[in-house]
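Take a look at this one; I'll ask things after.
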Amino acid sequence: MKILLKEWRHRVSLNSGRMSEMLLNRLVEEELAGNIQARCDTSFYAMTINSWITSGDSKAEQQATEVLNTMGKRADIDLKLYAECHSLVIDAWSKSKKKN
């Protein structure tokens, strides 16, 4: 799963954010269902955020913010990576022409 997320992160496509988030959600579902093979850590969220930010999608900043908020609710959060993602999202909003 991590390989797929890495691949989508490197694609500059309107679908990259959407596909990455879909993979992330599937992994989280598997983890919550008790699948011990499905271990989702904060790096998966970071790759998804990066995919949204580089996607060029009109809702990229909002979607990246939502993934960041979900990431922040995890008990096993890597605070350093969370801070880096927070900075990425702030930077994306600052470069955006949107007013939110």
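The shown structure was predicted, so the numbers you read here are calculated from the model rather than taken from an experiment.
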Checklist outcome for this item: Here the pair of heavy atoms bringing Ile36 nearest to Arg39 is O-NE, 3.2 Å
Checklist entry - What's the spacing between Ser94 OG and Glu61 CD if we round to 0.5 Å? => result 9.5 Å
Checklist entry - Got a sec, which residues hit salt bridge (charged side-chain N to carboxylate O under 4.0 Å, His left out) with Arg74, two or more places apart in sequence or on another chain? => result Glu31, Asp76
Item to check | Path from Ile90 to Ile77 over hydrophobic side-chain contacts below 4.5 Å | outcome: no
Checklist entry - Say you draw a straight line from CG of Asn25 to SG of Cys40; how long is it, rounded to the nearest 0.5 Å? => result 9.5 Å
Next on the checklist: Any heavy-atom pair between the side chains of Gln63 and Asp57 that's under 4.5 Å?
Outcome noted: no
Checklist entry - Val28 versus Tyr45: any side-chain heavy-atom pair under 4.5 Å? => result yes
Next on the checklist: If the condition is salt bridge (charged side-chain N to carboxylate O under 4.0 Å, His left out), which residues does Lys73 pass it with, not counting sequence neighbours?
Outcome noted: none
Checklist entry - Do the non-hydrogen side-chain atoms of Leu81 and Ser43 ever get within less than 4.5 Å of each other? => result yes
Checklist outcome for this item: Shortest non-hydrogen pair, Ser16 vs Ser51, comes out as OG-O, 3.4 Å
Checklist entry - Hey, is the main chain of Ala92 close enough, under 3.5 Å, to the side chain of Ser96 for a donor-acceptor pair? => result no
Checklist outcome for this item: In this structure, CG of Leu23 is separated from OG1 of Thr48 (nearest 0.5 Å) by 7.5 Å
Checklist entry - Would you call Gln62 and Glu66 a side-chain contact if the rule is heavy atoms closer than 4.5 Å? => result yes
Checklist entry - What residues form a side chain to side chain contact (heavy atoms under 4.5 Å, CB included) with Leu68, not counting sequence neighbours? => result Ile49, Met71, Tyr82, Cys85, His86, Val89
Next on the checklist: Nearest 0.5 angstrom please: Met47 CE to Thr42 OG1, how far?
Outcome noted: 9.5 Å
Item to check | Least distance between heavy atoms, Ala64 atom then Ile53 atom | outcome: CB-CG1, 4.0 Å
Checklist entry - Heavy-atom count around Leu32 CG within 6.0 Å, excluding the residue itself: above 12? => result yes
Checklist entry - Is the backbone N or O of Ser87 less than 3.5 Å from a side-chain atom of Asp91, with the two atoms forming a donor-acceptor pair by type? => result no
